[in-house]
Amino acid sequence: GGSLLGVAVRAQDRDTQDMETALRLASLLRSARSVIAASQDLINDPKAGDKGLTGAHVLALATEAYLKANGTAPLYDGQDATEAQLIAAQMEAIRRVMTENQPTINAEGVGFKGFVPAVFGRLVNESFAALVETEARVKVTAPRDLVRNRKALPDAWETRVIESNLMSADWPKGQVYAELGELDGKPAYRVLVPEYYSTGCLSCHGEPAGEIDITGYPKEGGREGDLGGVISISIFR
């Protein structure tokens, strides 16, 4: 009965469960974003019409990537009910964003479509917020001077944690930060997951700083391994 006892104890530990849920939401977002990143050449092909990047197809690829990263599917038997609800909403958000953006993705005669991973992620998070407004929020933000879209600016709490914790030289790379705080005046368990620039990010965010990238923004001068973004997950209590 030891394992059963363990499950009961864990169910009482709300912070542990919320942390797990937050990390799963972050992982599914990253998995879906990686599909969009890997599909950039296809998306930006001016000659191809229907790219086949339907909501169902992208979700299937994202689920596959998630399974590989976590060893479990996004939805599974015996899953915490709130976690299952939030993950299902995020899967629906991914599906909706792909469905709504078919005209852009499939436009012929257009090279760069602007449907980059960062834009996709923001749209998914907005769709997710519309589906589960009172339950949770996911946002991709970054150190303030790296934020390109004003909607993604870190709030006061995020700014404080990013600057005093995630950006400090002795912060262990990849370690997440969590605390019980509030968002929009409501108590929330808040988690920040740091993300670092990989080689693929540097074509837009790398050197030389100030050079205009393909999306029309000046490059930030980032280097591989620098803190480039933060996934901020808030689970309301």
Tell me the closest heavy-atom pair linking [X] and [Y], and the distance in Å.
X	Y	value
Ala26	Val193	CB-CG2, 4.1 Å
Leu131	Ala89	CD1-O, 3.4 Å
Ala22	Val191	CB-CG2, 3.7 Å
Ala65	Ser34	CB-OG, 4.4 Å
Cys204	Thr215	SG-CG2, 4.3 Å
Ser31	Ala62	CB-O, 3.5 Å

Should the heavy atoms of other residues, nucleotides or ligands under 6.0 Å from [atom1] of [X] be counted, would the total exceed 12?
X	atom1	value
Arg237	CZ	yes
Lys47	NZ	no
Asp41	CG	no

Begin with the C-alpha distance, continue with both residues' side-chain angles, and end with the deciding distance and a verdict on side chain to side chain contact (heavy atoms under 4.5 Å, CB included) for Val140 and Arg33. CA-CA 12 Å; Val140 178; Arg33 214 172 44 183; 4.0 Å; yes

Of Val124, Leu59, Ile105, Leu123, the residue whose pairing with Met98 passes side-chain contact (heavy atoms from CB on, under 4.5 Å):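 Answer to the side-chain contact (heavy atoms from CB on, under 4.5 Å) test with Met98 among Val124, Leu59, Ile105, Leu123: Ile105.
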
As a test of understanding, state which of Val161, Leu183, Asp18 forms a side-chain contact (heavy atoms from CB on, under 4.5 Å) with Arg190.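 Single pass found, and it is Leu183.
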
For the residue pair [X] and [Y], establish whether any side-chain heavy-atom pair is separated by less than 4.5 Å.
X	Y	value
Thr21	Leu86	yes
Leu25	Phe128	yes
Met91	Leu75	yes
Glu135	Phe236	no
Tyr189	Arg14	no
Val132	Arg137	no
Leu153	Thr141	no
Pro117	Gln40	yes

Let me confirm one number: the [atom1]-[atom2] distance from [X] to [Y], rounded to the nearest 0.5 Å.
X	Y	atom1	atom2	result
Arg223	Cys201	CZ	SG	15.5 Å
Asn165	Trp171	CG	CH2	4.5 Å
Ile87	Thr82	CD1	OG1	12.0 Å
Asn101	Ile43	CG	CD1	9.5 Å
Met167	Thr159	CE	OG1	10.5 Å

Side chains of Asp213 and Ser203: any donor to acceptor distance under 3.5 Å?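 Their side chains do not contain a donor-acceptor pair, so the 3.5 Å distance test is not met.
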
Under a 3.5 Å cutoff, is there a donor and acceptor pairing between the side chains of Ser232 and Glu158?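 Yes - a donor-acceptor pair under 3.5 Å links their side chains.
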
Take Glu83 and Arg24 through the test side chain to side chain contact (heavy atoms under 4.5 Å, CB included) and record every step on the way to the result. CA-CA 8 Å; Glu83 178 180 291; Arg24 287 180 187 278; 3.1 Å; yes

Kindly indicate, with the supporting measurements, whether the criterion side chain to side chain contact (heavy atoms under 4.5 Å, CB included) is fulfilled by Leu28 and Ile94. CA-CA 10 Å; Leu28 184 54; Ile94 291 164; 4.2 Å; yes

Considering only distance and modelled atom types, tabulate donor-acceptor pairs under 3.5 Å from the side chains of residues 172-179, sequence neighbours left out.
residue: Lys173; atom: NZ; partner: Gly225; partner atom: O; Å: 3.3
residue: Tyr177; atom: OH; partner: Glu179; partner atom: OE1; Å: 2.5
residue: Glu179; atom: OE2; partner: Trp157; partner atom: NE1; Å: 2.9

Flag yes if [X] and [Y] sit in one hydrophobic cluster, no otherwise; membership is Ile, Leu, Val, Met, Phe, Trp, Tyr, and two members link when side-chain heavy atoms are under 4.5 Å apart.
X	Y	value
Leu67	Leu61	no
Tyr66	Val138	yes
Ile162	Leu146	no
Leu202	Leu227	no
Ile231	Tyr197	no

Donor-acceptor contact below 3.5 Å, side chain Asn70 vs main chain Thr72: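 Not a single qualifying donor-acceptor pair exists.
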
For Tyr76, is there any backbone N or O sitting under 3.5 Å from a side-chain donor or acceptor partner on Gln79?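 Confirmed, Gln79 side chain pairs with Tyr76 backbone.
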
Mind running side chain to side chain donor-acceptor pair (under 3.5 Å) on Ser168 and Asp170 for me, showing each step along the way? CA-CA 6 Å; Ser168 79; Asp170 56 359; 2.9 Å; yes

Salt bridge (Lys or Arg N to Asp or Glu O under 4.0 Å) partners for Glu224, two or more places apart: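 Salt bridge (Lys or Arg N to Asp or Glu O under 4.0 Å) check on Glu224 returns nothing, list empty.
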
For the pair [X] and [Y], find out whether any cationic side-chain nitrogen is under 4.0 Å from an anionic carboxylate oxygen.
X	Y	answer
Glu64	Lys68	no
Glu207	Lys219	no
Arg122	Glu126	yes
Arg144	Glu163	no

Dump the intermediate steps for side chain to side chain contact (heavy atoms under 4.5 Å, CB included) on Thr54 and Thr99, then the final yes or no. CA-CA 6 Å; Thr54 61; Thr99 303; over 6 Å; no

Tell me, with the steps shown, if Arg96 and Glu92 meet salt bridge (Lys or Arg N to Asp or Glu O under 4.0 Å). CA-CA 6 Å; Arg96 283 186 186 184; Glu92 175 60 21; 2.9 Å; yes

